[in-house]
Amino acid sequence: MIKPEQWLSNALGKTIIGLYGNTGSNPLVIQPTRKDVEGDFTLVCFGLTKLSGKTPAQTAQEIGDAFCMENPEAGSYNIANGFLNINLTFKFWITYLNGYTADATEPDLNKAPVMIEYSSPNTNKPLHLGHVRNNLLGAAVANIIEASGRKVIKVNLVNDRGIHICKSMIAWQKSGLNETPESSGIKGDHLIGKYYVEFDKALKIQSEPILSKILAGDFIDLDEKSTLKATAIVEKYNQSTAEKKEELKGELKLLANSGTALMKEAAEMLRQWEAGDEATIQLWKTMNGWVYQGFDVTYKRLGVSFDKIYYESQTYLLGKELVDSGLSSGVLYKKEDGSVWIDLTAEGLDHKLLLRSDGTSVYMTQDLGTALLRAEEYHAGNYVYVVGNEQDYHFKVLQLILRKLGYAWADGIFHLSYGMVDLPTGKMKSREGTVVDADDLIDEVILEAKKKSEELGKTETSNSDELTKLYERIGMAALKYFILKVDPKKRMVFNPAESIDINGNTGPFIQYSFARIQSVIRKAHGILDESYNPSSIENEPAHRTLIRTLEQFHETVQASADSYNPSLVANYAYELAKQFNHFYHEFSILKEENKDLASFRLELARKTGQTLEKAMGLLGIEMPERM
RNA sequence: GGUCCCGUAGCUCAGUUGGAUAGAGCAACAGCCUUCUAAGCUGUGGGUCUUUGGUUCGAAUCCAAACGGGAUCACCA
C-alpha cells in the first residue's frame, strides 16, 4: 500500500531536482496541512529559496505547477505565505481507504527483541497510584513497541528481600495473632502492609526519646559509627536556620531509628535471612506468598502481565561476581576498610559504592547483576527500565558502570523515566495517609462508572453479568486513559474526580464513539453491502478529513514506539473519535439514499472503529460493543 | 551548595526535526434530541507561552541568564 507522506516526499524530491538540480542540504519539510487551510499536505518552501533564487511564494508556485503536471494524484495546490498546500485527488484518498487496515506490523523476529522492565514492586506494601502509572505505562509501551514490529519481553523485578519485608515480619510475629489473609479476610498485600505500618508506629515510639537525647547531645543509644555521624550533624544543627534544622532532623531521625531495639531486631532478622535460617526463610516465604497472591489480583484487574519475573533474592548475589571481575580489571578499586568503589569523577559524577565494607551488596550491585543475567539470557537489543524519575541518577550511573566494565549491550539501556503523580492537594505522603491505594482506586472508578451509567439510564441490556463487565470497562478506560494521555516524562496531577469523567477528552468518550459505530454496523447488517462504486462518491471534506486522520495511525504508533510515549497514541485516538463524531453528526449512513455513498460511509465508519479499538487496545483499554 | 528535570487559558493537558492567526478538555455562558446511541454536536468568552537577552526569513520550541517549582547527591532501596 502507498504511504501518502512517503510517496509525496519522493515525488516532490523528484520535482525539485528537476527544477533546481538538487533538493538542498536539509530534508524537505512536509507536514499535514493545518485544519483551517485548504490542502492535504504542506511543503514549507522557505528553506528552498536558496536553491531557486526566488521568493518563497514564487518558489512554491514553481514547484506546485511542476508537481501537479507530473503527478495525476495531485489535484490542485494553493500558496499562502510561502507554504505550498497540495490537494491530492479524492480518488487517491478513496483508493487509500480501500487498502487501509489498522492491523499492526508483525514482529520481525530477525531484529533483537526489546526487554521492558516495569512494575518492580517491594513486597512490604500494596500497590499505590504511583505503581499504577508505572504498570500502565510499561504495559502500554510493550504493546506499542510490539505493534511497531519488534518482539517484546516483559519482565518484572520483584524486590522481595531486605529490611523492609523484615519489618513486616517482626510486627507480624510480635502481634501473636497468626493472622493470614484467610483468617483475617484481608487481601495478602494489604495484610503485610498493615504490619509494616504497625512496625513503623512502634518504631516511632521507641525512636522519639532517642532523638530527644541526641538533640541534647546524649548519644548513649548509638553505636560508634552513628555517634560519630550524629556528633557532626548535631553541631551543624545547632548553628542552622529553622529550615535547615528540619532537614538535619530528618537525618538524625534515621540515626535514632537505628538505635532502637526494634530496628536491631529487624537487622538481626535480615542477618538470619542471609545466613539461611530455616524458620526465618519459612516465614519470609509464607508472607511473600500472601503478597504475591494480592499482587496477582491487582495485576489482573489492571490488565498487566509479564513474560518473566525476576526476584532480587535470586539475583542479588550475581552482582558480586561482576564486582570481582571489575576489581581484577582495575575498573573498580577497594578502600582500606574493604568497601569497593568506582570513580566516576572523570564523567562529572561521583565516587559510587558497589560493595559495603562487610562485603554485602547494595542496590546498585544487585541491579548490575540483574542486568548481566538478563543480557546473557535474552540478548535483547534494548533494555527499557520503567522507573520513576527520582532514580535518574541511579540509571545514569548503572549504564556508565556497565559501559566501563566493557559490556557493549549497555548502550541499549534506556531509562523510561516518568514523573511523579501528585494529588490536587500536593504530594502523596504515607505519613499523612494521602497515598491512593491501587485496589481502592480501581473499585472507585468502576463504582463511579456504574453510578454515571445508571444516571443516564440507557444501557440496552439488563443482563447483570454484561453490565458488570461494562462498568468495569468504562471505569478502567477512564482511569487508564486519564493517566496515559499525559506525556510520561511529565509530573502529573491526578484528580480523582476528573479521572472518572466520561465527557470530553476521556476514555469513555472514545468508547462511546466506538459503541456508536458498532451500533450502526449492526443495523446495517443485511441492508447495506460492502461494495460501492468509488466514482459516485462526492468529495466531502468531513470524509476526507477522517481518511487523512486514519492515514496517520501507523506513523503515530511508530512515533509512539520510538519515543516510548503512549500519550501519542492516546491523543491520536481522541482526535480520531472527535472527528468521527463530527462526521456522524453531519451525515447519516443508514438513511443515505445513494447506496454507494451509504456503503462508502459505512466502510469509513468500520475502519474508524477498527482503528479506535486497535489504538485503545495498545493502551490496555477494552471497547464495549454497546453502552 | 553541585547536578538534573519542569514552568503554555481559572484548572488538567496537547503543541512532531524551529513554520502560517498557540490548540483541546474541564469549569462558565448560549443553542441543537420526531433524525444511525445527546456519554454527542455547534457557538461565545478566556493567553505578555514565567521574565530578560541572543541565534534567523521565522522561536512556545534552540542558546544564555534571572525568577519560581521539583528531584537527586546514603556503607537505603
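Per chain, numbering begins at 1; letters A, B, ... match sequence-line order. Just the heavy atoms: all of them, side chains too, but no hydrogens, waters or symmetry mates, feed the values below.
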(request) Using only side-chain N and O atoms of A:Ser339, determine if any of them is under 4.0 Å from OP1 or OP2 of B:C75. (result) no

(request) Return the 5'-most residue of the pair A:Asn159, A:Pro488 with respect to RNA chain B, ranking by each residue's nearest nucleotide. (result) A:Pro488

(request) Please name all residues satisfying salt bridge (Lys or Arg N to Asp or Glu O under 4.0 Å) with A:Glu117, sequence neighbours left out, ordered by chain then number. (result) A:Arg374

(message) My understanding is that only residues two or more places apart in sequence, or in another chain, count here; which of them pass salt bridge (Lys or Arg N to Asp or Glu O under 4.0 Å) with A:Glu448?
(response) A:Lys451

(request) Could you check how far CD of A:Glu224 sits from P of B:C75, rounded to whole Å? (result) 18 Å

(request) Kindly state whether the pair A:Phe83 / B:A20 counts as stacked, where counting means centroids closer than 5.5 Å and planes tilted less than 30° apart. (result) yes

(request) For RNA chain B, produce a single dot-bracket line, 5' to 3'. Pairs: Watson-Crick or G-U wobble, both distances under 3.5 Å. Symbols: ( ) within strand, [ ] crossing, | other strand, . unpaired. (result) (((((((..((((.....[...)))).(((((.......))))).....(((((..]....))))))))))))....

(request) Would you kindly check if the NZ (Lys) or CZ (Arg) of A:Arg161 is within the cone defined by 45 degrees around the ring axis of A:Tyr316 and under 6.0 Å from the six-membered ring centre? (result) yes

(message) On the six-membered ring of A:Trp341, is A:Lys335 placed so that its NZ or CZ lies under 6.0 angstrom from the centre and within 45° of the ring axis?
(response) yes

(message) Please report the distance separating the C1' of B:G25 from the corresponding atom of B:G15, rounded so that it comes out in whole Å.
(response) 15 Å

(request) For nucleotides B:C76 and B:U17, find the distance between their P atoms and express it as a whole number of Å. (result) 42 Å

(request) Apply the test side chain to side chain contact (heavy atoms under 4.5 Å, CB included) to residues A:His543 and A:Phe600: give CA-CA distance (whole Å), side-chain angles for both, the deciding distance (0.1 Å), then the verdict. (result) CA-CA 10 Å; A:His543 296 156; A:Phe600 165 69; 3.7 Å; yes

(message) For a quick check, with a 4.0 angstrom heavy-atom cut-off, what is the B/S/- contact string for nucleotides 22-31 of chain B, read 5' to 3'?
(response) -SSSS-----

(request) If a pair satisfies salt bridge (Lys or Arg N to Asp or Glu O under 4.0 Å) and one of its residues is in residues 479-496 of chain A, list it, with sequence neighbours excluded. (result) A:Asp422-A:Arg491, A:Asp487-A:Lys489

Hey, what are the protein-to-nucleotides 1-5 of chain B N/O distances that come in under 3.5 Å?
none

